[in-house]
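One structure below.
It should be emphasised that the depicted structure is a prediction, and the values quoted were computed from it without experimental measurement.
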Amino acid sequence: MAADASHGAQIAAACASCHDPSGRGHAIPPITSLDEQTIIKFMHNYRASESSSHVMHAVALSLSEEEIGAVARHLAANVRHRDPP
Amino acid sequence: MTNWTRRQICSMAGGVLAAAAAPHVARSQNKPRVVVIGGGIGGATVARYLGDLKTMDVTLIETKRRYVTCFFSNLYLAGLRSLASLTFGFEVLTERHGLKVIHQAATGVDPGTKTVTLRDGVRLAYDRLVVAAGIAFKSGEIRNYDASAAEIMPHAWNAGPQSELLRRQLESMEDGGVFVIVAPPDPFRCPPAPYERASLVAYYFKQFKPRSKILILDAKDRFSGQELFQEAWGRHYPGMIEWLPRQFTGAVKIVDVAARSVVTEGETFKAAVANIIPAQKAGAIAEKTELTDASGWCPVDPVTFESTLQRGIHVVGDSIIGGDMPKSAFSTNSQAKACAFAIAASLTGSQQFPSHLFNSCYTFLAPDDAFTNAITFTPEGGKIKTVETFISKVGESAEVRRRTAHQAVGWYSAFTADVFGEGS
Ligand SMILES: Cc1cc2nc3c(=O)[nH]c(=O)nc-3n(C[C@H](O)[C@H](O)[C@H](O)COP(=O)(O)OP(=O)(O)OC[C@H]3O[C@@H](n4cnc5c(N)ncnc54)[C@H](O)[C@@H]3O)c2cc1C
């Protein structure tokens, strides 16, 4: 994760408790290669239904639209930093 | 703190004025100093997140050179994980996350002069101190149970040599023996863990010592995840695990180390192997620093995790009065991040956004049968309150439980990478 104290970074810190930042994740999918809109869409789906993951349902319900936007922007921007030009 | 923050914001805007506004900072460097006592889950997380910001000078003090996680140590007891796979060093934190680690015990804190004293007498000055010293055991609640008794009747509630001792005893136990687990009163580290331990040791017995029994003598009348555990015990290990609540026994009062037996109000139970998990309190250095109240735990502000008893000192993890938050590695990690951003805000003028506190634990009933919970919390009226709880249900399909067990393994590797810095 990018090391800053922005709003997105502070929320993304919570993601890192389960999602491996190097994208090595197995069983828990990596989130380091998703674009902003995909992340927002996933979060809305998780918010709507408990069935696929208790944790993500709980997390999605606890975040406001503004917070979802901030974390999605942060995660997506982080991908661009990592990719070789 | 408000004044300090404002002063810092102004000075940061002026860049070089930072040192002038922070009188404690040595002239040779202009970064505010944070000292963290305890390099377990809470301390390592705070130090890593502060180190990554590169705006503070972070020193982590941890006695041990290698940290063994308690989580997944029940899998080790059942022969399902090696201890090496649960062991972490501090090299990545020092090499990649910009912090200094000192392997010594912190022996004293002087909140007046803002210094920490180490075992060798060296004193370290801080602008903010974080204490994440885990748990200590209350002495005297079970008569005769002390450090030397724990070498014969292990607690294995800090992972490492204690876990190895218990594993050796289980391995050399004869088939048909009784494994006694003495479960502690609330609040204690990881509420479902004594019962997870019973489940996984039962799994081991079922394969290698099928005539053996497990007896849980509890200091409580109910426990976390009770329905899920009891349903699984009937399904996986019928007749093997017996749980006796306090109301039946009056709880264990005395241990007889020589006879390897435990004594409740009216009865003596002979054990082939005894695992005594004593009543708990905050880690010793927290008590010595007067961060604890009469309960033995540390009251904190739920937004910044600053002690309400000592200004400038933050406490995270199992040591705190966590309100609705259980004492778990996940909770600790979540608190540590909120604490790190609060410290950064107060020392460097960055902003702390409303924090989100989470807990999510995976608990094994058998190697391919695990359940989870997910809880969200919010600070409210000076306390940490639950917002929502989701938990696995009795009667879920074997496939769902298998998937959860698989996710637990993925969680372990990501989580430990987050704490000890294997990742970015
Ligand atoms: C059997 C078992 C299973 C568990 N399973 C789970 C699980 O599945 N999920 C989960 O989330 N949690 C689980 N936990 C709970 C989890 O291990 C704890 O909640 C977590 O370790 C608490 O972190 P902490 O930083 O408060 O304490 P610790 O991790 O214990 O760290 C404290 C550190 O401080 C150091 N220290 C103390 N005093 C000093 C001093 N004076 N100077 C220098 N260093 C010092 C210690 O050496 C230690 O390394 C489990 C616990 C047990 C016992």
Which atom pair, heavy atoms only, marks the closest approach of [X] to [Y]?
| X | Y | answer |
| --- | --- | --- |
| B/Ser360 | A/Val55 | OG-CG2, 3.2 Å |
| A/Ala16 | B/Tyr49 | CB-OH, 3.7 Å |
| A/Ser17 | B/Asn333 | OG-OD1, 2.7 Å |

Supply the atom-to-atom distance [X] [atom1] to [Y] [atom2], rounded to the nearest 0.5 angstrom.
| X | Y | atom1 | atom2 | value |
| --- | --- | --- | --- | --- |
| A/Ser62 | B/Ile375 | OG | CD1 | 13.0 Å |
| B/Phe353 | A/Ser6 | CZ | OG | 7.0 Å |
| B/Phe341 | A/Ile11 | CZ | CD1 | 10.0 Å |
| B/Arg403 | A/Ser53 | CZ | OG | 9.5 Å |
| A/Cys18 | B/Phe330 | SG | CZ | 4.0 Å |

Under 4.5 Å from a heavy atom of chain A, the part of [X] involved:
| X | result |
| --- | --- |
| B/Phe377 | neither |
| B/His356 | side chain |
| B/Ile391 | backbone |
| B/Phe415 | both |
| B/Thr372 | both |

(message) So which residue, B/Asn359, B/Thr45, B/Leu53, ends up with the most heavy-atom pairs under 4.5 Å with chain A?
(response)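 Heavy-atom pair counts peak at B/Leu53.
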(request) Count the heavy-atom pairs under 4.5 Å between each of B/Ala414, B/Ser413, B/Ala374 and chain A, then report the option with the highest count. (result)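 When all of B/Ala414, B/Ser413, B/Ala374 are compared, B/Ala414 has the most.
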(message) side chain to side chain contact (heavy atoms under 4.5 Å, CB included) for B/Ser392 and A/His54? Distances and angles first, verdict last.
(response) CA-CA 8 Å; B/Ser392 302; A/His54 295 313; 3.8 Å; yes
Heavy-atom count check: over 12 atoms from other residues, nucleotides or ligands less than 6.0 Å from [X] [atom1]?
| X | atom1 | result |
| --- | --- | --- |
| A/Lys41 | NZ | no |
| A/Glu66 | CD | no |
| B/Glu227 | CD | no |

(request) Say whether, by atom type as modelled, one donor and one acceptor occur between the side chain of A/Gln10 and the main chain of B/Gln351 under 3.5 angstrom. (result)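 Present.
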(message) With heavy-atom distances below 4.5 Å as the criterion, would you say the side chains of A/Leu61 and B/Phe390 are in contact?
(response)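 They are in contact (side-chain heavy atoms under 4.5 Å apart), so the answer is yes.
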